[in-house]
Amino acid sequence: MKTQAKNIQGRGYPVERGGFVPDGQVHWSLAGYLTHLVNGCLSLVKGMGLTFGYFSHPGRIITQQYPENRETLVMFPRFRGRLALVMDEAGGAPLCTACGMCEKACPNGSISVLTRRDSGNRKVLGRYLYRFSQCTLCNLCVESCVFGAIRMAQDFELAAYDSSDLQLVLYGKEE
Amino acid sequence: MTEQQAGLAGDIMENGVAMTVPPGFSIDRREGHTDEYFLNMGPQHPSTHGVLRLMLRMDGENVLEVVPHLGYIHRGLEKIGENQTYLQNIHLTDRLDYLSSHINNLALCLAIEKAMGIGVPERAEYIRVMVCELQRIQSHLLWWGVLGMDLGAITSFLYGFKERELITDIFEEMCGARLTMNFFRPGGSFADVPDTFIPRVRAVVERMKSAIDEYDTLLTNNVIMHLRTKGIGVLAAETALAHGCSGPVLRGSGVAFDVRRSDPYSIYDRFSFDIPVGTVGDCFDRYKVRMEEMRQSLRIIEEAAASFPGGPYRSKKYATYNLPAGSYYSQVETARGLLGVYIEADGGPKPYRIKYRSPSFANLSALNDLAAGHKLADLVPIIATLDVLIPDIDR
């Protein structure tokens, strides 16, 4: 014997909605059929009318023409792109004091802050390594920085062909 | 290799090809039983909403049994969470149900606040409610567009994304991200909303009101939509409850359960909104419930925007969040249903164990009851109206 499906149901809509019982047998009435036919066609025409409404009034369209407007596209100030160091306005030196709070805050180990000793034997920022391939752009490092020394940059389209291109040295790059 | 040599997951020879099927999933090959066959749907299938893999036992075009095969994008977020501080865990909740990331963030924040007794300022509560409801609309808009596309109507996909874009822009201006928000923190959020927030929200609410009517014209009243969804995938209320379904799936079956009403978190008890319920429990009822939910969310947002208070957006910020030893639970209503966060804390900055009770997982378990007996083509609207999100299932 062939295995029967548990509750094979027919196509259509339940009897309380106009003309069908779920025993697989469709019971049509002529009036119900005609009403259904007319209303069905009307619903399709109405939907098409909306489409033509947008076609003749394109002012309501809100989407951007993205790749074409790439040059003029400005992101919001809080946009979270990849990490960048904030530099001192005057000297161009980084505000970073190499305290390592961002390194601790990072959930993915994307940041390594390496220190060095300057001429006065003080600890200063030596290298700032940023592994963008591991970064989830969660903003926790920026929040943890009490000196405002790092920020999320505004750049987008950050894909790369090689993951080694995403191992960034934000400061102390060996020339 | 024969069927008797079945491995752990059960390898079955089908037309000379070994297919990995779930345990206990086999075809009776005796005389007269040979019409049935297996069909593999997904994981990379356009109408499985991500990477859901379904094993179907078919008889001709009729689906006899559906078994979801999970784990394709399992990332072990709960295990990773044990090695992350509570603050870092928030950004992992973004990746559960990525269309409800604000609401997921809130669920974890509520648990942390409950454990540490952190209060939330008035303004922060309002931000939370408005942002969460915007997120619900945004999620339903994507669902609406994709549902239309699953049924073969590309138009609805473009229309759904149109208004969704406005809401995503609000989020982007507010927290800098469009998908993985990581915005809420214990005691509030990491930043205040920008000055443009309320005007933009008002504009979205105004536009959405007429937009939902457009959606009704396009899809809700469409005869093809009716024929594809009415009477398809009927889920009885008892079955839904037995499977632990929640959200629009449960409400579509006629059970008026909503965490926002039954266990109000944040300040949801202050707003008036209705809980739409279905009568039949078929695909069309689940559809209508979600459409009505968008309207109710607009009501909440409108009410909140009218009385949006000033003041601080976050209470005292802690350097580390060390939860006292014990277990904590919080639950929220995401766009898909009840999300529960259970934390077992040992007093340190990291959870000893963190468990997410995700809505999609429970909703998916009802799939076999819904789809068995229907045609293969009906499985697509059934999956679409269950609105399962695969990262939420696999975690």
Side-chain angles (χ1 to χ4, degrees), chain A residues 1-18 20-22 24 36-51 53-54 60-64 75-81 101 104-108 136-140 142-144 146 151-152 154, chain B residues 28 32-33 35-36 59 62-64 80 84-85 87-92 94-95 153 155 158-159 161-163 165-166 169 172-177 180 182-183 185 190-191 194 207 214 217-219 221-228 230-232 234 279-280 282 284 369 372-375 378:
Chain A
M1 209 196 93
K2 222 169 127 181
T3 316
Q4 276 297 318
K6 271 189 284 182
N7 54 340
I8 287 187
Q9 293 181 350
R11 187 63 61 74
Y13 37 94
V15 69
E16 66 266 20
R17 289 183 182 170
F20 160 79
V21 278
H36 179 241
L37 187 72
V38 172
N39 288 346
C41 291
L42 265 179
S43 74
L44 297 180
V45 170
K46 276 182 192 161
M48 205 62 207
L50 187 71
T51 306
Y54 272 94
R60 288 200 70 194
I61 295 170
I62 51 179
T63 41
Q64 296 180 5
M75 306 314 266
F76 291 114
R78 287 182 191 174
F79 176 77
R80 305 211 299 254
M101 286 305 284
K104 285 202 189 80
C106 181
N108 316 302
T136 55
L137 304 169
C138 67
N139 205 39
L140 285 175
V142 178
E143 277 171 63
S144 72
V146 288
R151 66 184 173 86
M152 288 294 196
Q154 304 288 303
Chain B
D28 196 345
H33 290 256
D35 284 357
E36 296 172 11
D59 182 4
N62 291 322
V63 178
L64 299 180
I80 296 172
Q84 309 246 315
T85 65
L87 215 52
Q88 290 170 344
N89 258 300
I90 297 173
H91 98 289
L92 291 178
D94 285 340
R95 286 147 178 89
T155 312
L158 303 172
Y159 277 72
F161 264 62
K162 192 160 53 74
E163 270 75 29
E165 189 62 28
L166 292 175
D169 270 355
E172 192 183 355
E173 190 179 23
M174 182 181 73
C175 67
T180 51
N182 192 25
F183 180 59
R185 296 284 181 274
F190 79 72
R207 194 183 164 105
E214 281 182 3
T217 312
L218 272 177
L219 207 57
N221 300 329
N222 190 299
V223 62
I224 303 170
M225 170 78 188
H226 289 187
L227 290 171
R228 288 293 303 270
K230 280 187 178 178
I232 303 294
V234 178
T279 47
V280 186
D282 58 358
F284 194 63
D369 286 302
H374 283 297
K375 297 275 189 288
D378 294 333

Under 3.5 Å: donor-acceptor pair, side chain of [X], backbone of [Y]:
X: A:Ser43; Y: B:Val223; answer: yes
X: B:Gln88; Y: A:Ala105; answer: yes
X: B:Glu173; Y: A:Phe76; answer: no

Would you say that more than 12 heavy atoms from the other residues, nucleotides or ligands in this model lie under 6.0 Å from the CE of A:Met101, or not?
no

Let me know if [X] has heavy atoms under 4.5 Å from chain A in its side chain, its backbone, both or neither.
X: B:Leu92; answer: neither
X: B:Asp169; answer: both
X: B:Phe183; answer: neither
X: B:Gln84; answer: side chain

Under 4.5 Å to a heavy atom of chain B? For A:Thr51 that would be both

Side chain, backbone, both or neither: which part of A:Met75 has a non-hydrogen atom closer than 4.5 Å to chain B?
side chain

Rounded to the nearest 0.5 Å, how far does [atom2] of [Y] lie from [atom1] of [X]?
X: B:Thr180; Y: A:Leu137; atom1: OG1; atom2: CG; value: 7.0 Å
X: A:Thr136; Y: B:His91; atom1: OG1; atom2: NE2; value: 3.5 Å
X: B:Glu172; Y: A:Arg80; atom1: CD; atom2: CZ; value: 10.5 Å

Are side-chain heavy atoms of A:Leu140 and B:Ile90 found at a separation under 4.5 Å?
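No, every pair of side-chain atoms sits at 4.5 Å or beyond.
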
Which heavy atom in A:Arg78 sits nearest to a heavy atom in B:Pro194, and how many Å separate them?
NH1-CD, 3.7 Å

